[in-house]
Number of protein chains: 2
Amino acid sequence: MADGPTINTIAERAGVSIASVSRVLNGLPTRQETVRKVMAAADELGYVRNAVARSLKSRRTHQVAFAMADVGNPAYLAMLREIQPVLKAAGYRLVLHSTDAVVEDEIAVLHSLGERYVDGLIMVPLRVTDAHLQMLAAARAPVVIIGSVPEGTPVDNVRADSRTGVRLALDHLHALGRRRIALVNGPLDTVPGAARGAAYREALGDLGLPYDEDLVRIGDFYRADGARAVAGLLAARPDIDALMCANDLIALGALDVLRALGRRVPQDVAVVGMDDTDLAAASWPSLTSVSLGSAERGKAAAELLLERLQGGEREPRLVTVPPRLAVRASTAGPAYAGGKYADGKDADGQEDGA
Amino acid sequence: MADGPTINTIAERAGVSIASVSRVLNGLPTRQETVRKVMAAADELGYVRNAVARSLKSRRTHQVAFAMADVGNPAYLAMLREIQPVLKAAGYRLVLHSTDAVVEDEIAVLHSLGERYVDGLIMVPLRVTDAHLQMLAAARAPVVIIGSVPEGTPVDNVRADSRTGVRLALDHLHALGRRRIALVNGPLDTVPGAARGAAYREALGDLGLPYDEDLVRIGDFYRADGARAVAGLLAARPDIDALMCANDLIALGALDVLRALGRRVPQDVAVVGMDDTDLAAASWPSLTSVSLGSAERGKAAAELLLERLQGGEREPRLVTVPPRLAVRASTAGPAYAGGKYADGKDADGQEDGA
DNA sequence: CATCCGTCTGTAAACGTTTACCGCGTGGAG
DNA sequence: CTCCACGCGGTAAACGTTTACAGACGGATG
C-alpha cells in the first residue's frame with residue numbers, strides 16, 4: 001500500500017506539466033500527442049484520481065447523505081431502495097446515517113452538513129423541532145425533508161397522506177358491507193398515531209357511521225401489542241366485523257388472535273394493515289394494506305435533491321405522495337396475490353464457506 | 001449559503017495564527033488565553049471544520065464503504081443493520097454501494113478504492129472472479145470480504161457455513177421422525193445452490209437415509225418457484241413428510257401449495273426455510289428456518305475492518321460464523337414464536353402530511 | 001547578569017487537485 | 001518579412017487543513 005501515483009508522477013513520466021495532465025484527464029482540449037503521452041503514463045502507473053483533493057478544489061464531493069431513524073425499518077428501507085439507484089445514476093455516492101430515533105443525532109447530522117463531506121441531504125426526521133428549523137434555515141447544503149415541515153422553511157418537502165390512506169381503507173371495508181369497523185392504533189403522541197386516529201374518526205363520519213370509543217384501542221406499534229389490543233377488543237365487542245390496524249405488525253398480531261379464536265378472515269372479520277411492507281404479502285391470509293408510498297416518497301426526494309444540486313436555486317417545493325390500497329386476501333378472499341421480493345437473486349445470495 | 005468561515009477567518013478575528021486555531025480545535029496544548037479567544041471566535045462565526053480539507057491532509061476520510069448486490073435483500077440488510085452501529089460508534093461514516101448483481105460494478109467499486117474517498121471496504125461479492133482477486137491484491141485500502149476467498153488472498157474474510165446449516169435442519173427433521181425429506185433448491189450454478197445441494201446429499205448419508213433424485217427439485221429462489229416445485233414434487237411423490245427449502249421465499253411458496261392441497265403443516269409435512277428472514281416469523285404457520293448468521297457476519301466484518309483501520313498491519317484473518325436453527329411452528333407445532341421487528345418504533349415512523 | 005530551558009506561537013510547506021494567466025511557437029495574412 | 005492571432009502548455013495560486021520547524025519570551029539557575 002505504498003503511496004499511489006499522483007498527477008505529479010504522471011507529469012514527470014510523460015514529460016509534461018501537471019496542468020496538462022489534469023486537462024487530459026478532464027477531457028479539456030489538448031493536442032493529440034500530449035493526450036497520448038499522458039494516457040500512456042497514467043495507464044502504466046495505474047493512476048486513479050484522488051477524490052478528496054478533487055473535492056477540495058471543486059467544492060463538490062459527489063456524495064449525498066440519507067438520514068433516517070433506523071436502517072431495519074421497512075419503510076425507510078423502501079425509500080433507500082429507490083433513492084440509491086437515482087443517486088447512483090447521477091454519479092452520486094450515498095452516505096447512510098441512522099439516528100437510532102435520537103433527536104440529538106438528527107441535529108448532529110444537520111450540523112455536520114457544515115463539514116461539507118456531502119453535497120446534499122435527504123432526511124426523514126422523527127419530529128420537527130425548533131432546533132431542526134433553525135438548522136434547516138442555516139443549512140450549508142440543499143436538504144430535502146421527507147415528512148412535514150412548516151410552510152416557509154427553505155427546503156424541499158415530500159409528504160405522505162395517511163388521512164386519505166385511512167379513508168381508502170374504510171371506504172373499501174364499507175363497500176364490502178362492513179359496518180362495525182374497529183381501529184387498532186399506536187400511541188397518540190406519535191405523529192402517525194395521532195394522524196391515523198383523527199383520520200379514522202373523520203372517515204367514519206363521512207361514511208355515516210357512528211364513532212364509538214369502544215371500537216378504538218391504543219397499543220404500541222408491534223405485533224404483540226396488536227394481538228393484545230385485539231383480544232381485548234373482541235372480548236368487549238364480539239360483534240365487530242372489520243379491523244383497521246395502524247400498521248402491518250399490529251395487523252399480524254390481529255391475525256394471530258383471530259386465528260386462535262377461530263374467527264375466519266375475512267368472512268367473519270376483515271383486516272387491513274398499513275404501510276404495505278413485505279410482511280403483508282407474506283402473511284396468511286395475505287394482508288390488505290394501505291401503502292403510504294414510501295418508495296415513491298424516496299424517489300421523489302432523490303429527484304428533488306438532484307434537481308437542486310444540478311439546477312441551482314429555485315423555490316422550495318412540496319410534493320405529496322398519494323396513498324394506495326393493496327387489496328389482498330384479508331379483506332377480499334383467499335387468493336394469493338404474489339410475492340414481492342422478486343428481483344432476480346437468492347434472498348441470501350452470498351458466497352458460502354466450507 | 002455564502003462561503004462559511006475557515007480557520008483563516010477565525011485566526012483573523014481572534015488575532016492569532018491559523019496554526020494556533022488548528023491546535024486549539026484539535027485540543028493540542030495551548031495557553032488558556034489563546035484557547036478562549038479561538039473558541040469565542042469559532043462560536044461567534046459558527047465555524048464547522050471542513051472534512052474534505054482535513055481528509056486531504058490527514059489521509060483519512062473516516063468513511064467506510066459497504067458494497068453488496070441489492071439493498072432490498074433481507075440478508076444484506078441484516079448485515080447492514082449490524083455494520084452501521086459498529087462503524088458509527090468508531091466515528092466512521094458508511095457509504096453504501098449497491099452493485100445490482102453486476103460483476104463489473106463490483107470491480108468498479110474495488111477500483112474506486114484508489115480514489116481514496118473511503119478508508120476501507122466491506123464487500124459481499126456475488127462471485128469471486130480472477131478480476132476480483134487481482135484488484136484485491138492491489139487494493140489501496142483494507143478490504144473485508146463476506147463470502148469465500150481463496151487462501152492467500154490478502155484480505156480478511158468472513159464466511160457462513162451452509163453445509164452445517166443444512167445438517168442442522170436435517171438432524172432436526174430426522175429427530176422429529178421424518179424420513180422422506182425433499183430438497184427444494186435454487187439453481188445449481190449459484191454458490192448457495194450448489195453448496196446446499198451438496199450439503200443435503202451429505203447430511204442424508206450421515207443420517208443413513210438414501211439419496212433419491214426424485215426428492216430434489218430445482219427452481220429459482222422465489223416464492224412462485226417454490227410453489228411450482230413443491231406442486232410437482234407432491235404430485236410425483238405424495239408420501240414425502242418434510243421439505244427442506246433453500247431459502248425462506250421458497251418455503252413460503254411451499255406453504256402456499258400445502259395449504260391449497262389441504263396438507264397440514266407440520267403434521268403431514270414439516271417445512272424448513274433458510275436465512276431466517278423476518279418473513280419466517282411473520283408467516284403462518286411461522287416458519288422454522290436456518291439462520292446463516294447474516295447479522296453476525298456483518299458485525300464480524302465491521303469489527304475486522306475497524307481493527308485493521310485502527311491497529312495497522314496484521315495477518316489476514318478468516319472468521320466462520322456458525323449457523324443456527326430457529327425452530328418455529330412449521331416443524332414443531334402451532335405456537336407463535338414472537339415477532340422480530342421489535343426495536344422501539346412504528347414500522348412506519350415518519351412524519352405525515354395533511 | 002548571562003545562560004539555558006521550556007512553553008507557546010507564528011511561518012511555511014504539504015496534501016493532490018483545478019484553473020487563471022501568461023508566454024511561446026506556428027502559420028497565415030498583409 | 002513582419003505582425004498578429006491563436007492554439008498549447010507551463011507556472012503558480014488556490015481550495016482548507018495539519019504539522020515540522022524555528023523564533024520569541026519568561027523564568028530559573030549559576
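Each chain gets a letter, A, B and so on, in the order its sequence line appears, and its residues count up from 1. Below, each value reflects all heavy atoms present in this structure, side chains not excepted, and no hydrogens, waters or symmetry copies. Small disclaimer: the values here were computed from a predicted structure and weren't measured.
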- Task: Calculate the interatomic distance between B:His62 atom NE2 and D:dT17 atom P; express it in whole Å.
- Result: 15 Å
- Which sits closer to the 5' end of DNA chain C, B:Ala53 or B:Ser17, going by the nucleotide each is nearest to? B:Ser17
- Item | Candidates B:Gln63, B:Arg60, B:Gln84 - the one meeting side-chain hydrogen bond (donor to acceptor under 3.5 Å, both in side chains) with B:Tyr92 | B:Arg60
- When we call it a touch if two heavy atoms are under 4.0 Å apart, what does B:Arg49 touch: a base, just sugar-phosphate, or nothing? sugar-phosphate
- Message: Using whole Å, what does the distance between atom P of nucleotide C:dG16 and atom CD1 of A:Ile18 come to?
- Response: 12 Å
- Message: Taking 4.0 Å as the cut-off, does a side-chain nitrogen or oxygen of B:Ser22 come that near to OP1 or OP2 on D:dT17?
- Response: no
- Query: Within a strict 4.5 Å, meaning less than it, do heavy atoms of the A:Val71 and A:Leu77 side chains meet?
  - Reply: no
- Message: Please check if the number of heavy atoms outside A:Gln134 that lie under 6.0 Å from its CD is greater than 12.
- Response: no
- Name the one of B:Thr320, B:Val149, B:Leu304, B:Val319 that satisfies side chain to side chain contact (heavy atoms under 4.5 Å, CB included) with B:Asn157? B:Val149
- Message: Starting the side chain at C-beta, find the nucleotide from C:dA14, D:dA14, C:dA12 nearest to B:Lys57.
- Response: C:dA14
- Message: In whole Å, I'd like the distance from the CD atom of B:Glu12 to the P atom of D:dG16.
- Response: 13 Å
- Message: By the 4.0 Å heavy-atom rule, please label B:Ser20 as base, sugar-phosphate, or nothing.
- Response: sugar-phosphate
- Message: More than 12 heavy atoms of other residues, nucleotides or ligands under 6.0 Å from CD of A:Gln32: yes or no?
- Response: no
- Message: Measuring from the side chain of B:Arg59 (C-beta onward, heavy atoms only), which nucleotide among C:dG16, D:dT19, D:dG16 has the closest atom?
- Response: C:dG16
- Task: Check every strand shown and say whether B:Thr30 touches a base, only sugar-phosphate, or nothing at a heavy-atom separation below 4.0 Å.
- Result: sugar-phosphate
- Message: By the 4.0 Å heavy-atom rule, please label A:Thr34 as base, sugar-phosphate, or nothing.
- Response: sugar-phosphate
- Query: How long is the line joining CZ of B:Arg31 and C1' of D:dA24, in whole Å?
  - Reply: 12 Å
- For the pair made of CG in B:Asn50 and P in D:dC15, what is the distance, rounded to whole Å? 12 Å
- How would you label the contact of B:Val16 with the nucleic acid (heavy atoms, under 4.0 Å): base, sugar-phosphate, or nothing? sugar-phosphate
- Task: Nearest whole angstrom, please: distance from the P of C:dG16 to the OH of A:Tyr47.
- Result: 10 Å
- Would you kindly give the CZ-to-C1' distance between B:Arg54 and D:dT19, to the nearest whole Å? 13 Å
- Item | From C:dG16, C:dT18, D:dT11, nucleotide with atom closest to A:Ala19 side chain | D:dT11
- Message: By the 4.0 Å heavy-atom rule, please label A:Ser58 as base, sugar-phosphate, or nothing.
- Response: nothing
- Message: Once hydrogens and angles are ignored, does a donor-acceptor distance under 3.5 Å link the base of D:dG10 to the side chain of A:Arg23?
- Response: yes
- Find the distance B:Ile7:CD1 to D:dT17:C1' and express it as a whole number of Å. 5 Å
